[in-house]
Each structure stands twice: as structure tokens, then as C-alpha cells.
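Quantities reported herein were computed from a predicted structural model and do not represent experimental measurements. All heavy atoms count here, side chains included; hydrogens, waters and symmetry mates do not.
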2 protein chains.
Amino acid sequence: MENDNNNDLDEETLFVVSQTFKALGDPTRIRILHLLFQKEYSVNGIAEALHLRQSTVSHQLRFLKNLRLVKYRREGTTLNYSHDDEHVMNMLKQTIDHACH
Amino acid sequence: MENDNNNDLDEETLFVVSQTFKALGDPTRIRILHLLFQKEYSVNGIAEALHLRQSTVSHQLRFLKNLRLVKYRREGTTLNYSHDDEHVMNMLKQTIDHACH
DNA sequence: TTATAATATGAACATATACTAATATATACA
DNA sequence: TGTATATATTAGTATATGTTCATATTATAA
């Protein structure tokens, strides 16, 4: 990739960056990631904690998983999700603090 | 507002945070903000530099202006836009660097 | 005032997005 | 094997979003 001091953003960088921010641009995904600040949660655990449908949570987790913002650990039939990108989680934390200061 | 150590995000914080990230979740707006890293630009200046329609730029600038991510300085009939949120610009810069490491 | 340049706005359109219900898949265990 | 539990997937729908064209607005200068 390399962007160096080139003033133009290449297509790939533009895509990755916009996708990353898009992931944080939805209230449901923010709530999920915010929950994962503390500890890992199962899919149903997230659904119950946030009053969301299992299907909704699963869809959003797939989205976040594709961007490698979350990972999971299997325990029987249960999948325990946790965050997997410190940079993004820090940005989220900062922005939340910034918003409710 | 205040979010303190309450584990739940209140509606308003959730809205502000998601709107902020949503602003950075579109390639066109990223390109515009990236251009404004360097110096102020007129609406037509942005349109020419990025090969976008004047109308498109104006719409996106209104979006960014509503979130106070940009401001403008009038010079005759020309409006010179510049960035207006250090926190957001730093996040963008970091994420771009992060993406094209 | 009229003409010109720069920007903003409104409506229409196509696409993207998020949620839901229903169903499929996968794992564990009797 | 069959059953129960947890999660994933598919298809449908409603809404949100981004771009464009055409037009309106605003400020300047003649």
C-alpha cells in the first residue's frame, strides 16, 4: 500500500478507512462494541443485554468479524465474542468520552 | 450529558458518536477532509481537486458543517472551507496511517 | 439596477443499509 | 442415532444515503 507523502488517497486505503468508520457509524454496532469493552459475550448474551434479536446481533457480528474488529472463542455450541482491534476500540472510547464530557 | 461509569450509553451520546463516525464513513467525505488537512479550499476548489460536481461537494460540506467538522471564511462570493475539529481530524489521520502501514 | 460568479437547495433516482422472520447449520449429549 | 441448544444464513422489506440535474440564492461589480 504505502501512502507516504502522496497527497492523494489510493482506492484501497480509502476503502479500508471508510469501512472502518462505517463500522462505528451505527448505533447498534457501537452498543455491541461498547459492551465488549468489559468482557466477552455470547451472541445470545449480547442480544439479551441490549434487547436485540439474535439474528440482528449475528448479522452485526459478522460485519464486525469481517473487519477483524471482533473475534470469537468457541465453548461448546456457544461462541464467545470479544474485541480484536485496540486502535478502533481506543477511538471509540475517546469519542464516547468526548461526546459526553 | 455525563456518562460516568454507567454501563449503558444514553440515546444522545449514541447519536452523536454514531453521527461523527458516519461522517467519516464515506469515501467522498474522507477525501474532502483529507484535502483540508493541508489548507482551506473553496467549494469549486474542492470540486476541481477531487473531480466532483459542485453540487456534490456542497451537499457534503453542509453535512460536515452541521456536525461542526468544517467551517468557512467568506471572501467575496467565495467560501473558503477549512477543518474545525482537531479530535476528528486526528482520528482520521491516525486511521489513514494505520490503513496504509 | 443588471449581469456575473460562487454557492446552496430541492426533487428524483439508484443503491446501500439494518432489521426481521423463517430456516439452515453445527455442536453436544442422551 | 435423535434431540436440544446456539448460532448462521437467506430473503424480504423499509429506510437511509449519495449523486445528479435543474434551479434558487447570495454577493460583487459594472
Check nucleotides 13-18 of chain D for protein N or O atoms closer than 3.5 Å to its own N or O atoms and list the pairs.
unit_1, atom_1, unit_2, atom_2, d
D:dT17, OP1, B:Lys22, NZ, 3.3
D:dG18, OP1, B:Arg29, NH1, 3.2
D:dG18, OP1, B:Arg29, NH2, 2.7
D:dG18, OP2, B:Arg29, NH1, 3.0

Problem set entry | Distance in angstrom units between A:Glu75 CD and C:dC29 P, rounded | 11 Å
Seminar exercise, completed: Note: A:Phe21 and A:Met91 closest approach over all heavy atoms is CE2-CE, 3.9 Å
Problem set entry | d(CG, A:Leu52; C1', D:dA8) in whole Å | 17 Å
Problem set entry | All side chain to side chain contact (heavy atoms under 4.5 Å, CB included) counterparts of B:Arg73, not counting sequence neighbours | B:Glu40, B:Glu75, B:Asn80
Problem set entry | Where protein sits on nucleotides 3-11 of chain C, one letter per nucleotide: B base, S sugar-phosphate only, - none, heavy atoms under 4.0 Å | ---SBBBB-
Seminar exercise, completed: Correct closest heavy-atom pair for B:Tyr81 and B:Leu36 would be O-CD2, 3.5 Å
Exercise. Are any side-chain N or O atoms of B:Arg74 and backbone N or O atoms of B:Gly76, one a donor and one an acceptor, separated by less than 3.5 Å?
Worked result: yes
Show every donor-acceptor pair shorter than 3.5 Å between a side-chain atom in residues 49-60 of chain A and any protein atom, with sequence neighbours excluded, or say none if there are none.
unit_1, atom_1, unit_2, atom_2, d
A:Gln60, OE1, A:Arg29, NH1, 2.8

Seminar exercise, completed: Atom CG of A:Leu24 and atom P of C:dT17 are separated, to the nearest Å, by 14 Å
Seminar exercise, completed: Rounding to the nearest 10°, end axes of the helix from C:dT1-D:dA30 to C:dA30-D:dT1 built from five pairs each make an angle of 10°
Exercise. Nearest-Å distance, CD1 (A:Ile46) to P (D:dT7)?
Worked result: 9 Å
For this session: Please report the closest heavy-atom contact between B:Asp84 and B:Val70, naming both atoms and the distance.
Result: CB-C, 3.7 Å
Exercise. Could you state the CZ-C1' distance from B:Arg53 to C:dC13, rounded to the nearest angstrom?
Worked result: 15 Å
For this session: State, to 0.1 Å, how close B:Leu9 and B:Thr13 come at their nearest heavy-atom pair, and which atoms those are.
Result: CD2-CG2, 4.4 Å
Problem set entry | side chain to side chain contact (heavy atoms under 4.5 Å, CB included) against B:Gln19, all qualifying residues, sequence neighbours excluded | B:Phe15, B:Lys22, B:Leu67
For this session: For B:Ile32 and B:Leu61, work out which heavy atoms get closest and say how close.
Result: CG2-CD2, 4.1 Å
For this session: Identify the heavy atoms of A:Ala99 and B:Val17 that sit nearest to each other, and give their distance.
Result: CB-CG2, 3.7 Å
Exercise. Around atom CZ of A:Phe63, are there more than 12 heavy atoms of other residues, nucleotides or ligands at under 6.0 Å?
Worked result: yes
